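Report on one structure; see the data block that follows.
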Amino acid sequence: MEKGEGKREIRRMNRTRIARLISKAGTVSKNEISVRLGLSMPTVLQSVRELEEEGIVAEAGEYGSTGGRKAKQMSIAEDAAYGAGMDVAKGHIDFVIVNLKGELMKKARIRLPFTRDFSYYEAAGNWLQVFLEQSGVEKRKIQGVGIALPGEVDQKAKLLLRSQTLGVENVSFQRFEDMAGYPCYVDNDVNGAAYGEFAGESRDGVYLALNDQVGGAVFINGTLYEGQHGGGTRLGHMRLKQDGRPCQCGSRGCADVYCSAAALLGDDPGLDVFFERVRGQQKGYRERLNAYLEDLAVLSVNLRMVFGCDVVLGGRVGPYLRDFRRELDKKAAGYDLLDSDTSFLRIGKCRQEAAAYGVAIRCAESFFERI
Ligand SMILES: [Zn+2]
């Protein structure tokens with residue numbers, strides 16, 4: 001690398017680091033930027049000036065007096081870049097668009113049953129165009145489209161490797177990208193929901209997706225843990241019970257068998273009905289919920305012991321647990337005699353569009369790699 005080229009690269013990296021810090025902090029003074037990133041004040045001043053000129057950061061007002069002089073607060077310009085997201089489900093697609101601050105600008109759900117033929121991609125692509133046009137966001141500012149898929153994915157090949165939910169294997173989204181006219185990236189829907197849950201936070205956390213199957217993702221140092229081979233984790237197949245009930249993975253006693261929505265529901269038609277029957281004290285329902293909470297407490301405490309961070313209960317079951325928090329806390333405390341503090345347990349934000357939101361934020365944030 002030439003000397004001048006090296007200098008330019010360092011300047012670019014500094015600008016990226018500064019923009020990311022401002023984005024994460026919400027508002028921050030130039031002095032704080034210098035301290036937190038260990039950069040000299042002249043470097044910070046020059047980089048911030050450039051970022052301001054390009055419309056990426058802006059002054060956000062003034063805050064408390066420090067020795068008579070007020071420090072200007074910088075914040076990210078929310079309209080500098082946007083990210084779009086779509087969550088592909090069996091019968092519908094959720095679309096969202098978010099700005100660089102992670103604010104949800106617009107969302108929509110359209111009914112479109114998944115099929116693996118061309119007409120599906122065409123219809124999905126058309127709906128995407130309509131949705132993005134209606135959002136009023138300038139096309140050039142949309143960094144890309146994140147596609148959340150219910151199954152195992154190969155991100156590089158933009159391939160859905162297998163999905164039990166959709167009943168397919170090896171579905172390529174490369175063609176969809178060519179048609180959509182935006183750079184696309186694919187991810188697993190649990191990763192999407194987890195990223196949406198933790199994005200913008202500086203704390204580590206484990207996300208448990210309590211859906212028809214139990215999925216999970218670990219968020220460490222501001223990013224999702226990918227594991228040694230990039231496949232993430234398989235929290236749903238941790239063994240909870242020796243010689244337990246058989247699991248669809250071929251093993252026995254997995255968390256999936258005891259903590260999924262399906263495990264709780266049995267033959268009941270839906271979660272609303274199930275919890276109505278619990279409240280109505282219908283025979284046997286309270287006992288079933290108790291057994292579920294017991295198993296969930298064991299799983300959560302085990303995860304807390306391994307990772308030492310918050311455990312978020314998300315997915316479809318998550319929001320229903322809010323009303324049974326005390327029972328869950330009591331059970332969890334009983335499984336960790338060294339630490340009875342159960343504030344590590346969190347109920348997820350559980351937005352309906354969680355997965356689409358998470359992949360959209362990742363797209364918006366990719367902007368920082370290009371400034
Ligand atoms: Zn299993």
Side-chain angles (χ1 to χ4, degrees), residues 190-191 193-198 201-220 224-225 232-245 247 251-266 268 271-272 274-279 281 284-351 354:
V190 173
N191 279 350
Y195 199 79
E197 183 73 35
F198 296 118
E201 287 190 19
S202 45
R203 298 155 73 113
D204 297 339
V206 176
Y207 180 81
L208 268 180
L210 305 170
N211 291 317
D212 289 337
Q213 285 141 31
V214 175
V218 183
F219 188 80
I220 293 180
L224 290 177
Y225 176 67
T233 55
R234 290 200 307 274
L235 303 184
H237 298 283
M238 283 171 62
R239 189 166 292 198
L240 275 192
K241 297 188 189 191
Q242 198 63 24
D243 299 321
R245 296 203 293 264
C247 176
S251 184
R252 279 180 169 275
C254 298
D256 192 64
V257 183
Y258 299 94
C259 300
S260 63
L264 184 60
L265 283 178
D268 282 308
L271 289 165
D272 279 342
F274 177 86
F275 281 96
E276 238 167 64
R277 289 177 181 171
V278 170
R279 285 194 190 85
Q281 300 184 339
Y285 278 80
R286 191 67 222 200
E287 290 74 12
R288 270 167 62 192
L289 177 62
N290 270 342
Y292 179 86
L293 293 177
E294 200 76 47
D295 294 330
L296 187 59
V298 174
L299 176 63
S300 306
V301 168
N302 284 350
L303 292 170
R304 164 70 172 179
M305 284 174 169
V306 175
F307 295 103
C309 58
D310 286 358
V311 176
V312 174
L313 306 173
R316 287 205 294 131
V317 181
Y320 291 92
L321 299 175
R322 208 161 268 133
D323 293 344
F324 303 94
R325 181 68 210 241
R326 273 174 60 190
E327 284 104 309
L328 190 60
D329 280 343
K330 214 168 143 194
K331 291 180 195 303
Y335 286 112
D336 187 353
L337 302 182
L338 297 175
D339 184 2
S340 60
D341 179 5
T342 55
S343 59
F344 72 89
L345 272 175
R346 271 166 52 182
I347 306 290
K349 293 170 193 154
C350 300
R351 320 169 197 238

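In this text the structure is predicted, and so the values were computed from the model without any measurement. The figures that follow rest on heavy atoms only: side chains count, while hydrogens, waters and symmetry mates do not.
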Nearest heavy atoms of Tyr207 and Gly314, plus distance in Å: OH-CA, 3.7 Å

Mutual orientation of the aromatic rings belonging to Phe198 and Phe219 [parallel < 30°, tilted 30-60°, perpendicular > 60°]: parallel

Spatial distance of atom OG1 (Thr342) from atom CG (Leu328) [nearest 0.5 Å]: 8.0 Å

Test item: Tyr292 side-chain N/O and Cys259 main-chain N/O as donor-acceptor pair under 3.5 Å: yes

Check: Tyr335 side chain, Leu299 main-chain N or O, donor-acceptor pair, under 3.5 Å: no

For Arg203, all residues meeting salt bridge (charged side-chain N to carboxylate O under 4.0 Å, His left out), sequence neighbours excluded: Asp310

Nearest heavy-atom neighbours spanning Asp212 and Ala261: OD1-CB, 4.0 Å

Asp295 CG to Ser260 OG distance, which is reported to the nearest 0.5 Å: 10.5 Å

Pairwise distance CZ(Arg245) to OH(Tyr258) - rounded to 0.5 angstrom: 4.5 Å

For the student: nearest non-hydrogen atoms of Leu208 and Val214, plus distance: CD2-CG1, 4.1 Å

Step-by-step side chain to side chain donor-acceptor pair (under 3.5 Å) determination, Asp272 to Tyr320: CA-CA 9 Å; Asp272 279 342; Tyr320 291 92; 2.6 Å; yes

Short N-O contact, Asp268 and Arg277, less than 4.0 angstrom: yes

Flag side-chain contact, heavy atom, 4.5 Å: Leu293 against Leu289: yes

Listed partners of Phe307 passing side chain to side chain contact (heavy atoms under 4.5 Å, CB included), at least two apart: Val206, Val218, Leu303, Cys309

Any donor-acceptor pair under 3.5 Å from Arg252 side chain to Lys241 backbone: no

Nearest-0.5 Å distance, CZ of residue Phe324 to CD1 of residue Ile347: 11.0 Å

Straight-line distance of Leu265 CG to Phe275 CZ, nearest 0.5 Å: 8.5 Å

Value rounded to 0.5 Å, distance of CZ in Arg234 from CG in Asp256: 12.0 Å

Heavy-atom side-chain proximity of Arg286 to Gln281 below 4.5 angstrom: no

Student check: side-chain heavy atoms of Arg288 and Val278 closer than 4.5 Å: no

Flag, side chain of Lys331 to backbone of Glu294, donor-acceptor distance under 3.5 Å: no

Taking every non-hydrogen atom, the tightest pair across Val190 and Gly215: CG1-C, 4.0 Å

side-chain contact (heavy atoms from CB on, under 4.5 Å) evaluation trace for Lys349 with Val312: CA-CA 9 Å; Lys349 293 170 193 154; Val312 174; over 6 Å; no

Residue list, side-chain hydrogen bond (donor to acceptor under 3.5 Å, both in side chains) with Ser251, at least two apart or on another chain: Arg239

Val311 vs Val301, side-chain contact (heavy atoms from CB on, under 4.5 Å): CA-CA, chis, key distance, verdict: CA-CA 9 Å; Val311 176; Val301 168; over 6 Å; no

Leu296 side chain near Leu210 side chain, heavy-atom distance below 4.5 Å: yes

Taking every non-hydrogen atom, the tightest pair across Ala332 and Leu345: CB-CD1, 4.1 Å

Exercise: identify the closest heavy-atom pair between Thr233 and Gly216: OG1-O, 3.6 Å

